[in-house]
Amino acid sequence: MGIKIYNTLSKKKEDFKPVNEDNITMYVCGPTVYSNPHIGNARSALVGDLWYRILKNKYKKVTYIRNITDVDDKIIDAAKKENRNVNEITEKYYKTYKSNMDSLTLLDPTHEPKVTDFIPRIIEIITKIISSGYTYTSEGNVMFDTVKYTKYGKLSKRIAKEMLDGVRIDVASYKKSPKDFILWKPSHKDQLGWDSPWGYGRPGWHIECTSMIKEIIGHDSTLDIHGGGNDLIFPHHENELAQGNCVSKNEYCNYWFHNGIVLVNKKKMSKSLGNVVLIEDLLKNTSPISIKYALLSSHYRQPLNWTSEVLNNSINIVTKYKNLISEMKNNEKEYIPDNELVSILEDDLNTPAALNYISTLVKNINNNKSNYSKFLFCIDFLGLNIVDDISNVISEIDNKIVEQLIKERNVARLKKNFNKADLIRKKLSSLNVEIKDDGNQTVWKFKPK
RNA sequence: GGCUAAGUGGCAGAGUGGUAAUGCAGCGGCCUGCAAAGCCGUCAACGCCGGUUCGAUUCCGACCUUAGCCUCCA
């Protein structure tokens with residue numbers, strides 16, 4: 001048994017063989033910080049996080065890189081719209097992204113490089129690509145020549161002839177061939193930019209990932225794993241692969257994983273459709289654990305249609321686990337490592353099977369006491385921090401009012417004044433508190449979310 | 001139009017050449033003053049059509065449908 005990963009390159013599930021067992025390297029495409037992060041951003045970050053957890057469990061050192069793209073035309077546009085400078089925009093949305101990811105209890109990557117910190121390295125890499133002979137300049141742009149690079153299409157399996165170019169948008173005039181892409185583009189003097197051998201300008205979209213990877217892992221090193229949303233396969237990752245292979249004789253990356261995108265109303269989220277689900281908004285009414293559970297409930301390569309049903313399903317299960325934990329909370333919290341869970345996850349991140357396994361543990365908790373300790377291990381391994389979530393909830397509540405109302409209600413119940421008792425229960429309910437009469441004790445909790 | 005995926009009960013989702021786990025929801029019961037929780041029980045599905053086979057949901061082929069990409073996108 002070992003780690004198996006579905007490789008977009010081969011379109012097969014493969015045994016994971018690291019380049020160097022002493023240091024596994026993984027890069028996952030992070031966000032462009034120009035707007036509030038949505039549930040789709042969360043999904044790919046979560047998938048990266050899970051791979052990170054699995055790799056860390058097996059290998060002593062894992063270098064996990066998740067970038068922040070803070071140079072982009074969309075950022076420039078956003079700055080104009082909000083009438084702020086570019087830095088303010090990127091800072092603001094980076095902070096939101098970070099805090100959203102923290103809420104979802106994702107581990108910090110080993111590196112979180114920002115493009116603006118890597119401009120000299122980007123210029124260096126472009127220079128290397130130019131000397132490899134796969135570029136040309138046109139209207140001030142440094143272009144990558146996809147026709148010259150004969151392996152182009154290796155990742156996305158797209159053959160140039162079969163593709164209809166410019167179906168939905170005109171091919172830019174500066175391109176020799178429609179699939180060619182920009183490595184460096186000119187900026188106006190008053191625009192965001194840097195001096196370079198090709199004039200004042202800024203990097204194109206794809207080059208920053210390649211540069212940051214090479215800089216962090218070493219220019220002649222092969223990345224073990226590269227991932228992101230499957231909408232990035234073409235052209236972004238295809239382009240990265242092409243330019244990356246021009247920089248070194250060694251292969252750019254061995255394993256590529258791609259998560260399915262999140263759909264809302266069975267369509268990809270987009271501002272024009274108005275179906276973008278922001279993490280911020282979800283967190284207002286839903287516990288981060290439930291959101292996370294919902295994301296885990298489908299396999300990462302499947303598309304995930306985000307619906308209230310999916311979310312409610314998760315809330316119900318998470319609530320059940322919360323109840324279980326709060327009932328057991330006085331018992332010692334022992335975590336018994338469970339290899340079965342680990343091997344389920346090592347098989348190409350089969351989270352639905354993992355969640356199912358956890359539910360069978362819970363179901364058989366009475367027959368086998370170690371199941372509870374295994375259960376604690378499992379939710380912890382997945383980063384479903386239910387235990388912490390419960391303690392947060394308890395500290396948030398205004399104890400006195402609730403306790404007072406419960407006292408009053410129990411007096412009423414003793415007097416068999418059930419109308420009054422039920423009224424008080426309704427009042428508690430309006431305070432988001434649920435109660436449960438357990439023998440002669442009444443216990444309460446926040447309504448599940 | 002091309003390319004890439006996918007179609008299992010109300011929802012989510014395993015899985016298999018011999019008719020299919022599990023969770024949630026639903027329904028019934030126990031419990032409760034009534035609830036809630038918990039427990040027990042229970043209904044319900046393999047897109048369509050051919051082929052291979054003793055037998056296919058599982059293999060092969062066509063078709064239909066859906067989504068994504070071909071422009072920026074996690």
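Sequence lines set the chain letters: A, B, ... in the order given, protein chains first and strands last, and positions in each chain run from 1.
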**Student:** Under 4.0 Å, counting only non-hydrogen atoms across every strand here, what does A:Ile261 touch: a base, just sugar-phosphate, or nothing?
**Tutor:** base
**Student:** List the residues meeting side chain to side chain donor-acceptor pair (under 3.5 Å) with A:Asn368, not counting sequence neighbours, and say none if there are none.
**Tutor:** A:Ser370
**Student:** From the list B:C69, B:A37, B:G13, which nucleotide is the closest neighbour of the side chain of A:Ser298?
**Tutor:** B:G13
**Student:** Do any N or O atoms from the side chain of A:Glu238 and from the backbone of A:Gly153 form a donor-acceptor pair under 3.5 angstrom?
**Tutor:** yes
**Student:** So if I take every side-chain heavy atom of A:Lys436 and compare against B:A37, B:G33, B:A14, which nucleotide ends up nearest?
**Tutor:** B:A37
**Student:** Considering every strand and a 4.0 Å limit on heavy-atom distances, what is the contact class for A:Arg409: base, sugar-phosphate, or nothing?
**Tutor:** base
**Student:** From the options B:G68, B:C34, B:C72, select the nucleotide whose nearest atom is closest to the side chain of A:Arg425.
**Tutor:** B:C34
**Student:** With a 4.0 Å cut-off on heavy atoms, is A:Pro352 in touch with a base, just the backbone sugar-phosphate, or nothing at all?
**Tutor:** sugar-phosphate
**Student:** Quick one: which of B:G68, B:A37, B:G10 gets closest to the side chain of A:Lys267?
**Tutor:** B:G68
**Student:** So what does A:Asp437 hit on the nucleic acid, given a heavy-atom distance under 4.0 Å: a base, only sugar-phosphate, or nothing?
**Tutor:** base
**Student:** Rounded to the nearest Å, what distance is computed from the CG atom of residue A:Asn410 to the C1' atom of nucleotide B:G33?
**Tutor:** 13 Å
**Student:** I'd like to know whether NZ of A:Lys98 has more than 12 heavy-atom contacts from other residues, nucleotides or ligands below 6.0 angstrom.
**Tutor:** yes
**Student:** Looking only at the side chain of A:Asp231 (C-beta and beyond, no hydrogens), which of the listed nucleotides B:A5, B:A37, B:A74 gets closest?
**Tutor:** B:A74
**Student:** Can you identify which nucleotide, out of B:G33, B:A74, B:A67, has its nearest atom closest to the A:Arg413 side chain?
**Tutor:** B:G33
**Student:** Strictly under 4.0 angstrom, non-hydrogen atoms only: write out the protein contact profile of nucleotides 21-28 of chain B, one letter per nucleotide from the 5' end, B, S or -.
**Tutor:** BBBSS---
**Student:** Using the ring centroid of each side chain, check whether A:Tyr34 and A:Tyr93 are separated by less than 6.0 Å.
**Tutor:** no
**Student:** Please give, in whole Å, the distance from B:C72 P to A:His237 NE2?
**Tutor:** 14 Å
**Student:** Contact class for A:Val262 vs. all strands (heavy atom < 4.0 Å): base, sugar-phosphate, or nothing?
**Tutor:** base
**Student:** With a cut-off of less than 4.0 Å, is there a side-chain N or O of A:Lys445 near OP1 or OP2 of B:A36?
**Tutor:** no
**Student:** Have a look at A:Pro203 and tell me which of A:Ile119, A:Thr116, A:Ile182 forms a side chain to side chain contact (heavy atoms under 4.5 Å, CB included) with it.
**Tutor:** A:Ile119
**Student:** B:A5 P sits how many Å from A:Asn230 CG, rounded?
**Tutor:** 11 Å
**Student:** Checking only heavy atoms, does the side chain of A:Arg301 share a donor-acceptor pair with the base of B:A5 at less than 3.5 Å?
**Tutor:** no
**Student:** List in chain and number order the residues that pass ring pair (Phe, Tyr, Trp, His ring centres under 6.0 Å) with A:His236, two or more places apart in sequence or in another chain; answer none if no residue qualifies.
**Tutor:** A:Trp205, A:His206
**Student:** Scan A:Gly228 against the nucleic acid and name what it touches under 4.0 Å (heavy atoms): base, sugar-phosphate only, or nothing.
**Tutor:** sugar-phosphate
**Student:** Taking only the side-chain heavy atoms of A:His299 (C-beta and beyond), determine which of B:A14, B:A12, B:G33 contains the nearest atom.
**Tutor:** B:A14
**Student:** Please find out if less than 6.0 Å separates the ring center of A:Phe375 from that of A:Tyr321.
**Tutor:** yes
**Student:** What pairs with A:Lys13 under salt bridge (charged side-chain N to carboxylate O under 4.0 Å, His left out), at least two apart in sequence or on another chain?
**Tutor:** A:Asp347
**Student:** Whole-Å distance between B:C70 P and A:Tyr152 OH?
**Tutor:** 11 Å
**Student:** Output the pairing pattern of RNA chain B as a dot-bracket string, 5' first, Watson-Crick or G-U wobble with both distances under 3.5 Å, | for cross-strand pairs, [ ] for crossing pairs.
**Tutor:** (((((((..(((.........))).(((((.......)))))....(.(((.......))).))))))))....
**Student:** What is the distance from CG of A:Asn419 to P of B:C34, rounded to the nearest Å?
**Tutor:** 14 Å
**Student:** Under 4.0 Å, heavy atoms only, any strand: does A:Gly227 hit a base, just the sugar-phosphate, or nothing?
**Tutor:** nothing
**Student:** With sequence neighbours excluded, tell me which residues meet ring pair (Phe, Tyr, Trp, His ring centres under 6.0 Å) with A:Tyr252.
**Tutor:** none
**Student:** Parallel, tilted or perpendicular for A:Tyr134 and A:Tyr149, by the 30°/60° rule?
**Tutor:** perpendicular
**Student:** Checking A:Ser10 side chain against A:Lys12 main chain: does a donor-acceptor pair fall under 3.5 Å?
**Tutor:** yes
**Student:** Picking from B:A74, B:A5, B:A67, which would you name as closest to the side chain of A:His38?
**Tutor:** B:A74
**Student:** Within the 4.0 Å heavy-atom criterion, would you say A:Ile435 contacts the bases, only the backbone, or no part of the nucleic acid?
**Tutor:** base
